[in-house]
Amino acid sequence: MQDEPVVFSSGELQLEGRLHIPPQGAGPFPGVVLCHPHPQYGGDMHNNVVTAMLQGMVSHGIAALRFNFRGVGRSQGAHGGGSAERDDVIAALAALRDRDSVDARRIGLGGYSFGASMALGAATQETELRALAVVAPPISGLDNPDVLKLSLPRLIVSGDLDHVAPPERIQALAKNASTPWAVETLYAGDHFLMGYEADIAERVGRFFAEHL
C-alpha cells in the first residue's frame with residue numbers, strides 16, 4: 001500500500017492528511033474520504049476505527065484519504081464547533097478528486113462518531129457522491145430532515161451496546177428515511193468498537209466496493 005502525506009486548503013487553513021493507494025492495479029482508483037472522531041475527546045486520523053475503515057478500502061482496491069480536522073495534529077486553526085468541520089470535509093473531497101490516481105467520478109465518504117456526523121452533513125451538500133458509510137453515528141447527526149432525504153447508497157455500522165448510537169433509534173431513523181439505509185450491527189460492541197476492527201474493515205470495504 002502506498003501511503004503519502006497530503007496538505008490541502010480549507011478556506012484559509014492548511015489541513016494535513018494521508019492518502020493511501022491500493023497496491024494492486026494502476027488506477028485511477030475510486031476514492032473515499034474518511035473523517036475521524038471528536039477532536040476535543042482525543043480524536044484524530046490515527047483512530048482505530050478510521051484506520052480499520054481505510055484498510056477495508058485499500059484491500060478492496062479503493063484509495064482512501066484520511067485527514068485531521070482543523071486544530072488537530074498539524075492541521076491549522078482551532079475546533080469550529082461542527083459547522084466549520086463540515087467545510088473541512090468538503091475541502092477534503094475536493095482534494096481527493098484532484099488526485100491523478102483517483103477517479104473523480106467514483107467518490108465516497110465515510111466517518112466515525114463525530115466524523116460520521118460531519119460526513120452526514122457534508123453529504124447533503126455534495127450531489128456527486130456515489131456512496132456514504134458511517135460508523136457509530138450520533139443520533140443528532142442522523143435525525144436531520146436533509147440527511148433523511150438522502151437517496152445515494154448508505155450504510156450504518158454500529159454496536160448494539162452503543163449509548164451514543166442506540167440500535168433502536170438507528171433502526172427507526174433508517175426505516176423512516178426517504179429510501180432505506182443498510183444497517184449492520186456489531187453484537188456486544190460499544191461506541192469505541194475496540195476489537196471490531198476486522199469486522200468494520202470488511203463490512204465498510206465491501207459496501208464501497210459494491211457501490212463505487
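Every heavy atom of this structure was used, including side-chain atoms; hydrogens, water molecules and symmetry mates were not. FYI, the numbering just counts along the sequence from 1.
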**Q.** Atom pair OG1/CG of Thr185 and Asp162 - distance to nearest 0.5 Å
**A.** 10.5 Å

(Q) Using only atom types and a distance under 3.5 Å, with no angle test, would you say the side chain of Arg99 pairs donor to acceptor with the backbone of Ala95? (A) no

Q: Give the minimum heavy-atom separation between Ala131 and His211, together with the two atoms involved.
A: CB-CB, 3.9 Å

Q | Cluster overlap Met45 with Leu15, hydrophobic side-chain contacts below 4.5 Å | A | no

Q) Which atom pair, heavy atoms only, marks the closest approach of Ala92 to Leu65? A) O-CD2, 3.6 Å

Q: Taking all non-hydrogen atoms of both residues into account, name the closest pair between Asp103 and Pro28 and its distance.
A: N-CB, 3.7 Å

**Q.** Ile200 and Leu186, any side-chain heavy atoms less than 4.5 Å apart
**A.** yes

Q. Is a salt bridge present between Arg206 and Glu202, judged by a nitrogen-to-oxygen distance below 4.0 Å?
A. yes

**Q.** Heavy-atom pair of closest approach, residues Val89 and Cys35
**A.** CG2-SG, 3.8 Å

Q. Going from CG on Leu19 to CG on Leu54, what distance comes out if it is rounded to the nearest 0.5 angstrom?
A. 10.5 Å

Q) If only atom types and distance count, is the side chain of Asp143 paired as donor or acceptor with the main-chain N or O of Ile139 below 3.5 Å? A) no

Q: Please answer whether the main-chain N or O of Gly31 pairs with a side-chain N or O of Arg97 as donor and acceptor at a distance below 3.5 Å.
A: no

Q | Side-chain donor/acceptor of Ser158 to backbone N/O of Ala136, under 3.5 Å | A | no

**Q.** For Phe208, ring-ring contact (aromatic ring centres under 6.0 Å, His included) partners two or more places apart
**A.** none

Q | Side chains of Val147 and Leu173 in contact at under 4.5 Å (non-hydrogen atoms) | A | no

**Q.** Those residues that, when tested against Arg130, pass side chain to side chain donor-acceptor pair (under 3.5 Å) (two or more places apart)
**A.** none

Q. Do Leu96 and Val6 come close enough that some side-chain heavy atom pair is under 4.5 Å?
A. no

Q: Return yes if some donor-acceptor pair links the side-chain N/O of Ser151 with the main-chain N/O of Thr179 below 3.5 Å, else return no.
A: no

Q. Does Ile90 share a hydrophobic cluster with Val102, counting links as ILVMFWY side-chain heavy atoms below 4.5 Å and allowing steps through other members?
A. no

Q. If you look at every heavy atom in Pro167 and Gly159, which pair is closest and at what distance?
A. CD-O, 4.3 Å

Q.
So, taking the atom named CD1 in Ile156 and the one named CG in Leu142, what distance separates them when rounded to the nearest 0.5 Å?
A. 4.5 Å

Q: Give a yes or no answer on whether the side chain of Arg66 reaches the backbone of Ala64 with a donor-acceptor pair at less than 3.5 Å.
A: no

(Q) Determine whether Val32 and Leu212 satisfy the following criterion, side-chain contact (heavy atoms from CB on, under 4.5 Å), listing intermediate values before the conclusion. (A) CA-CA 9 Å; Val32 175; Leu212 298 181; 3.6 Å; yes

Q. Who are the ring-ring contact (aromatic ring centres under 6.0 Å, His included) partners of Phe29, not counting sequence neighbours?
A. none

(Q) Just so I know, are the side chains of Leu109 and Leu34 near enough to count as touching, which here means a heavy-atom distance under 4.5 Å? (A) no

Q: To the nearest 0.5 Å, tell me how far Asn47 CG sits from Ser113 OG.
A: 8.5 Å

Q: List the steps, then state whether side-chain contact (heavy atoms from CB on, under 4.5 Å) holds for Val135 with Val204.
A: CA-CA 9 Å; Val135 178; Val204 174; 4.2 Å; yes

**Q.** Sub-4.5 Å side-chain heavy-atom contact between Gln14 and Ser9
**A.** yes

Q: For the residue pair Phe114 and Phe69, categorise the inter-ring angle as parallel (less than 30°), tilted (30 to 60°) or perpendicular (more than 60°).
A: perpendicular

Q. Can Leu132 and Leu155 be said to form a side-chain contact (heavy atoms from CB on, under 4.5 Å), step by step?
A. CA-CA 6 Å; Leu132 171 67; Leu155 170 68; over 6 Å; no

Q.
Just by distance, no angles: are the side chains of Gln55 and His20 close enough, under 3.5 Å, to form a donor-acceptor pair?
A. no

Q | Atom pair CG/OG of Leu150 and Ser178 - distance to nearest 0.5 Å | A | 7.0 Å

Q.
Treating Gln125 as the side-chain partner and Ala123 as the backbone partner, does any N or O pair qualify as donor plus acceptor under 3.5 Å?
A. no

Q: Could you check Glu128 against Ile107 for side-chain contact (heavy atoms from CB on, under 4.5 Å), going step by step and ending with a plain yes or no?
A: CA-CA 8 Å; Glu128 300 302 315; Ile107 298 295; over 6 Å; no

Q. Are Leu152 and Leu93 co-members of a hydrophobic cluster defined by side-chain heavy atoms under 4.5 Å apart?
A. yes

Q. Is Gln2 reaching over with its side chain to a backbone N or O of Pro23, donor-acceptor style, under 3.5 angstrom?
A. no

Q: For residues Pro30 and Ile62, report the shortest heavy-atom separation together with the two atoms involved.
A: O-CG2, 3.4 Å

Q) Does a sphere of radius 6.0 Å around CG in Asp98 hold more than 12 heavy atoms from other residues, nucleotides or ligands, not counting ones at 6.0 Å or beyond? A) yes

**Q.** Residues which pass side chain to side chain donor-acceptor pair (under 3.5 Å) with Asn68, listed by chain and number, not counting sequence neighbours
**A.** Glu16

Q: Decide yes or no for Ile170 and Pro137: does some side-chain heavy atom of the first lie under 4.5 Å from some side-chain heavy atom of the second?
A: yes

Q: Compare all side-chain heavy atoms of Val72 with those of His36 and state whether any distance is below 4.5 angstrom.
A: yes

Q.
My understanding is that only residues two or more places apart in sequence, or in another chain, count here; which of them pass ring-ring contact (aromatic ring centres under 6.0 Å, His included) with His60?
A. none

Q) Would you say the side-chain atoms of Ser10 and Asp87 include a donor-acceptor pair closer than 3.5 Å? A) no

**Q.** Residue pair Glu4 / Arg18, side-chain heavy-atom distance below 4.5 Å
**A.** no

(Q) Between Glu12 and Arg70, does any NZ, NE, NH1 or NH2 come within less than 4.0 Å of an OD or OE carboxylate oxygen? (A) no

Q. Under the ring pair (Phe, Tyr, Trp, His ring centres under 6.0 Å) rule, what pairs show up with a residue in residues 167-202, not counting sequence neighbours?
A. Tyr112-His191

